[in-house]
Amino acid sequence: TCWCGFKMTQVIAAMETQLSNGPTCNNTSNGPSTISNNCSSPVESGSIEDSKTNLIVNYLPQNMTQEELKSLFGSIGEIESCKLVRDKITGQSLGYGFVNYVDPKDAEKAINTLNGLRLQTKTIKVSYARPSSASIRDANLYVSGLPKTMTQKELEQLFSQYGRIITSRILVDQVTGEETILSRGVGFIRFDRRIEAEEAIKGLNCQKPPGATEPITVKFANNPSQKTSQALLSQLYQSPNRRYPGPLAQQAQRFRLDNLLNMAYGVKSRFSPMAIDGVTSLAGINIPGHAGTGWCIFVYNLAPDADESILWQMFGPFGAVTNVKVIRDFNTSKCKGFGFVTMTNYDEAAVAIASLNGYRLGDRVLQVSFKTNKTHKA
DNA sequence: TAGAATT
């Protein structure tokens, strides 16, 4: 199994960064080998009414559904519409979507609170959507032959003379620890408009950047390769220690999923013949927290001002979260001290519980467990 | 020498 050597303190350290600093613009965890920027996309002047309410959400986890997207962003305010963009043929998520709020204030709040949120292996980006038009399509360039010493900033400086850069990225070899990032000498530049990209090709393809010994190649990028369901599965379930980048722990607690599954239900793993879809096929066994649509987790000792966003921030990094709910007093709207989180996969829920139970949030120590029948219904 | 940024 690949579920060995899981470093618990690493998870907590990474999470604390997120909780204390709030959402950031750091996208380094989107893919094992990339660095990228996170240029916001300011609203274009004189555009349609949606310009202050419509958001584009990038770097979504591959398995996140439109309903989960709506659930996440609906925790901010009323949503007018929500769309996850999918491949027309396979139906696979393309990893981005749109959320249009009723109130521009909620759109702004969503950018402030959800941009930079870590969900599984991704750090989502939330920004205003530009008005859809043909001129902004096919504006992405693939650049190769870059000097290995060239930084992302230098790359942007080189290309910015041709137009407004929406995103830039230099691919890097896998990061070991927090240092030593080695450029692969290739990257991407997305311009605001296709004509800008065309001009950049004319001006920079086969040219040597300042100080470089070799010319670079600049061309339109191909579409991202489709992944097979097999590859998606392995991305989801392999190498868990890659999923929580952060400082290496000196005294790492070790967590073994198989042990926990064995202790709990006597099953070897989610792929055991006994467990077609996790452990739900274990007929006749009363399984705590299992609500049919996922695993309901009880979170106790939340502060009165706790909101849904804190639950997304805490549980999102551990796997697929489909819903969060803070239980509030009807009159005061203050949190009554507890809430619920629904996670799709048992193993991810188990890791989240093992990691977050006893976690100190502010001056409170959380109690986190599978929801039992005697507690409040979600 | 390959990322899921325009519904």
Side-chain angles (χ1 to χ4, degrees), chain A residues 25 27-44 47-48 50-51 53-64 66 69-70 73 79-100 111 115 119-148 152 155 163-174 183-194 196-197 205 214-228 231-232 235:
Chain A
C25 291
N27 248 337
T28 54
S29 61
N30 288 324
S33 59
T34 65
I35 51 177
S36 81
N37 80 349
N38 223 339
C39 299
S40 62
S41 302
V43 183
E44 293 186 354
S47 57
I48 54 177
D50 283 352
S51 66
T53 57
N54 195 26
L55 303 178
I56 184 163
V57 187
N58 286 290
Y59 309 112
L60 293 167
Q62 199 358 264
N63 59 352
M64 191 171 194
Q66 182 166 295
L69 182 67
K70 188 173 185 180
F73 283 80
I79 291 173
E80 189 274 328
S81 63
C82 170
K83 178 156 191 180
L84 180 69
V85 180
R86 297 177 178 279
D87 182 282
K88 283 187 175 66
I89 297 165
T90 67
Q92 295 275 17
S93 166
L94 296 186
Y96 67 94
F98 298 88
V99 175
N100 195 12
I111 291 174
N115 183 40
L119 292 176
Q120 299 174 240
T121 63
K122 303 290 190 177
T123 301
I124 70 169
K125 179 179 176 183
V126 185
S127 53
Y128 289 111
R130 293 172 286 164
S132 184
S133 83
S135 66
I136 67 175
R137 295 184 57 182
D138 303 319
N140 199 23
L141 297 179
Y142 175 71
V143 188
S144 57
L146 294 168
K148 298 288 169 67
Q152 187 183 13
L155 180 67
R164 176 177 159 222
I165 295 171
I166 300 300
T167 58
S168 70
R169 170 170 289 186
I170 292 177
L171 304 188
V172 296
D173 284 336
Q174 198 171 338
S183 168
R184 288 193 210 162
V186 303
F188 294 89
I189 296 279
R190 180 178 297 278
F191 279 102
D192 181 35
R193 298 178 167 277
R194 183 169 57 251
E196 297 169 338
N205 185 35
E214 299 298 323
I216 62 173
T217 300
V218 184
K219 57 187 183 183
F220 282 109
N222 298 328
N223 287 326
S225 60
Q226 306 278 336
K227 282 180 177 163
T228 65
L232 292 173
Q235 182 181 312

Exercise. Could you please name the option among B:dT7, B:dG3, B:dT1 that lies closest to any side-chain atom of A:N140?
Key: B:dG3
Self-check item: Validation row: A:I216, A:N205 side chains within 4.5 angstrom (heavy atoms)
Solution: no
Quiz prompt | Separation of B:dT7 P from A:I79 CD1 (nearest whole Å) | solution = 19 Å
Quiz item: Under 4.0 Å between a side-chain N/O of A:R190 and OP1 or OP2 of B:dT6, yes or no?
Solution: yes
Exercise. Flag as yes if A:Y96 stacks onto the base of B:dA4 (centroids under 5.5 Å, planes under 30°), otherwise no.
Key: no
Exercise. Report the distance from atom CD of A:Q152 to atom C1' of B:dG3, rounded to the nearest whole Å.
Key: 13 Å
Quiz prompt | Minimum-distance nucleotide (side-chain atoms of A:L171 versus B:dA2, B:dA4, B:dT7) | solution = B:dA2
Practice problem: Report yes if a donor N or O on one partner sits less than 3.5 Å from an acceptor N or O on the other, where the partners are the side chain of A:R130 and the base of B:dT6; otherwise report no. | Solution: yes
Exercise. Could you check which residues of residues 215-223 of chain A get a heavy atom under 4.0 Å from DNA chain B? Sort them by number, please.
Key: A:K219, A:A221, A:N222, A:N223
Practice problem: Identify, between A:G95 and A:V99, the residue whose nearest nucleotide on DNA chain B lies closer to the 5' end. | Solution: A:G95
Self-check item: Phosphate OP1/OP2 of B:dA2 contacted by A:R169 side-chain N/O (<4.0 Å)
Solution: no
Quiz prompt | d(CG, A:L60; P, B:dT7) in whole Å | solution = 16 Å
Quiz item: Out of curiosity, A:D173 CG to A:K148 NZ, how far, rounded to the nearest 0.5 Å?
Solution: 8.0 Å
Quiz prompt | For atom CG of A:L69 and atom P of B:dT6, their distance in whole Å | solution = 16 Å
Quiz item: B:dG3, B:dA4, B:dT1: which one has an atom nearest the side-chain heavy atoms of A:K122?
Solution: B:dA4
Quiz item: Can you name the closest pair of heavy atoms from A:S168 and A:I189 and give their distance?
Solution: CB-CD1, 3.7 Å
Quiz item: Starting at CG of A:L94 and ending at C1' of B:dG3, how long is that distance when rounded to a whole Å?
Solution: 12 Å
Self-check item: A:F188: partners by ring-ring contact (aromatic ring centres under 6.0 Å, His included), with sequence neighbours left out
Solution: A:Y142
Quiz item: Between A:R184 and B:dA2, is there a side-chain N or O to OP1/OP2 distance below 4.0 Å?
Solution: yes
Quiz item: What residues, two or more places apart in sequence or in another chain, satisfy side-chain hydrogen bond (donor to acceptor under 3.5 Å, both in side chains) together with A:S133?
Solution: A:S135
Quiz item: Where do A:R194 and A:D138 come nearest, in terms of heavy atoms and distance?
Solution: CG-O, 3.3 Å
Quiz item: Tell me: CD1 of A:I165 to P of B:dG3, nearest whole Å?
Solution: 20 Å
Quiz item: Quick one: are A:R130 and A:I166 in side-chain contact, heavy atoms under 4.5 Å?
Solution: yes
Self-check item: Distance in angstrom units between A:I170 CD1 and B:dA2 P, rounded
Solution: 15 Å
Exercise. Starting from C1' on B:dA4, measure out to CG on A:L119 and report it in whole angstrom.
Key: 16 Å
